[in-house]
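Okay, so here's the structure we're looking at.
In this text the structure is predicted, and so the values were computed from the model without any measurement. For the single chain, residues carry numbers from 1 onward in sequence order.
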Amino acid sequence: MRLRLRWKIMAFTVLPLVSLAFFTLWIVNRSITQNVHQNIHEDLKRASAVLDKLLGSRAQSLAVASRMTVQDPKFFSVLAIPGSYRDSQLRKTVEGVARDFNTITQADLFEVTDAAGRLIASVGRDRTDAQGREAFVAAALASGPASIILAQPHAHYQVFVTPVFAGGRRVGALVLGARIDAELADQLRQLTRSEVTFVSGGTVTGSTLDDRDDCDAVVTAVNGLVERDAEAPVSGTIAELKGHRHLYVTLVSALPRSRPEQKQFYVMQRSFDAETAFLRNTQADLLGLGVAAVLIALI
């Protein structure tokens, strides 16, 4: 009889405490997890806004440098010299002038075409291919200056193309471009505390991720989103992505001014594991308190 009474007393004293301890742990865990998710989502959206502003600032810098260059008499007058784009002397002359101007602009792409869009000189550290260049140069020659994202094999660029006029007639075009690469990704990581990856046509062109498997996971995720949303551009999609060592909250969006068929994306990530390290410590503390409460009740 006393034994049964003892068990009844324990049931009425211990079980409520155990239930309260575990219920409190569950509530705290759920609340903090939701709060962490919300904070990460907001941080990624702010980081995306920072990237958009940075790309906009770079595009503006390219536009200013391009317009100042084409308005300089030393630059546009050399394009007015009679001769064919096949003329080696003309090409050397244009190349020399272009090289002088690029010591000021320091552009990754610095290319000069004739009025038909044919390449005369390329003096930057990179060079476009004819297939990628001809369409947007022709459009700029017909319609005026343009800012675009140029996709090249294993690379992509912010580009500003400006028609060149001399004596009231169109004599060529200037193409200025800046790489979208690991250097830009690292700059963004310092500004946003996020991992940044740029993807061009299914190829990583720059990333702050050190693990190759994580980069592959990013490409797979981007390709999956493109296939799923084939009819609409991917813009600001946020999802969880399992990497090699971490679970990442991931934002995927198309690069501004890029065309959907080119598949130009940026990916910004925050490690959920790192953001919730304090949550695991809190869980351990709460669990310890719960066990202590149960032991005290049993005693």
Side-chain angles (χ1 to χ4, degrees), residues 55 57-184 198 200-201 205-206 255 257-259 262 264:
L55 291 179
S57 177
R58 292 210 322 168
Q60 185 65 29
S61 296
L62 289 171
V64 170
S66 180
R67 286 170 179 146
M68 289 179 64
T69 300
V70 301
Q71 290 171 7
D72 192 300
K74 181 182 177 182
F75 183 81
F76 66 70
S77 61
V78 74
L79 287 178
I81 298 174
S84 166
Y85 77 99
R86 294 191 180 92
D87 186 335
S88 60
Q89 189 60 43
L90 173 64
R91 295 172 70 92
K92 287 180 180 179
T93 302
V94 174
E95 185 176 317
V97 172
R99 202 176 299 280
D100 290 342
F101 276 93
N102 200 33
T103 58
I104 302 171
T105 61
Q106 294 293 308
D108 296 317
L109 292 175
F110 193 110
E111 298 186 335
V112 184
T113 74
D114 65 9
R118 294 168 297 201
L119 185 66
I120 299 176
S122 179
V123 298
R125 63 173 177 170
D126 297 338
R127 183 187 179 109
T128 62
D129 60 28
Q131 184 178 2
R133 180 181 62 250
E134 288 174 353
F136 73 82
V137 169
L141 286 169
S143 305
S147 178
I148 66 164
I149 298 294
L150 172 63
Q152 295 283 270
H154 311 296
H156 49 176
Y157 304 84
Q158 275 186 277
V159 168
F160 196 87
V161 55
T162 310
V164 182
F165 291 86
R169 65 187 182 90
R170 189 181 293 107
V171 293
L174 171 63
V175 178
L176 288 187
R179 280 182 180 178
I180 298 174
D181 59 5
E183 184 178 342
L184 177 60
F198 295 111
S200 175
T205 59
L255 280 167
R257 297 186 181 89
S258 65
R259 299 197 302 272
Q262 291 183 332
Q264 308 293 299

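One finds the CG atom of L109 at 9.5 Å from the CZ atom of R125 (value rounded to the nearest 0.5 Å). Rounding to the nearest 0.5 Å places CZ of R118 at 12.0 Å from CZ of R133. Once rounded to the nearest 0.5 Å, the distance linking OG of S143 with CZ of F136 reads 14.0 Å. Note that the CZ atom of F101 and the CE atom of M68 stand 9.5 Å from one another [nearest 0.5 Å]. To the nearest 0.5 angstrom, D129 atom CG is 9.0 Å from E134 atom CD. Distance CG/L174 to OG1/T162: 6.0 Å, rounded to 0.5 Å.
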### Task
Kindly indicate, with the supporting measurements, whether the criterion side chain to side chain contact (heavy atoms under 4.5 Å, CB included) is fulfilled by L150 and V175.
CA-CA 11 Å; L150 172 63; V175 178; 5.9 Å; no

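Side-chain N or O atoms of S66 include none that pairs as donor or acceptor with a backbone N or O of L62 at under 3.5 Å. A donor-acceptor pair under 3.5 Å is absent between the side-chain atoms of D181 and the main chain of A155, judged by distance alone.
Using modelled atom types, one finds no donor on one side chain facing an acceptor on the other under 3.5 Å when comparing T69 with D72. No hydrogens or angles considered: a donor-acceptor pair under 3.5 Å links the side chains of D126 and Y157.
Across V161 and A140, no two heavy atoms sit closer than the pair CG1-CB, 3.4 Å. When all heavy atoms of A115 and L141 are compared, the closest pair comes out as O-CD1, 3.4 Å. S147 and A59 make their closest contact through OG-CB, 3.9 Å (heavy atoms, listed as atom of the first residue, atom of the second, distance). Contact record, A80 with R169: O-NH2, 3.7 Å, taken as the closest heavy-atom pair. Scanning all heavy atoms of the two residues, the minimum distance from Q264 to S200 falls at NE2-OG, 3.0 Å. Of all the heavy atoms in F160 and R67, the pair that sits closest is CZ-NH2, 3.7 Å.
Side-chain contact between F76 and V70 is absent, with no heavy atoms from C-beta onward closer than 4.5 Å. Counting only heavy atoms from C-beta outward, the side chains of I148 and R257 never approach each other to under 4.5 Å. Residues I149 and I180 form a side-chain contact, since some pair of their non-hydrogen atoms from C-beta on lies under 4.5 Å apart. Counting heavy atoms from C-beta outward, V164 and V112 have side chains that stay 4.5 Å or more apart. Here the side chains of L184 and R58 are in contact, with some heavy-atom distance below 4.5 Å. When side chains are defined from C-beta on, F110 counts as touching L176, because their heavy atoms get closer than 4.5 Å. Side-chain contact between L119 and R127: present, with at least one pair of heavy atoms (C-beta onward) separated by less than 4.5 Å. Under the 4.5 Å side-chain criterion, counting only non-hydrogen atoms from C-beta, H156 is not in contact with Q262.
More than 12 heavy-atom neighbours from other residues, nucleotides or ligands sit within 6.0 angstrom of CD on Q106.
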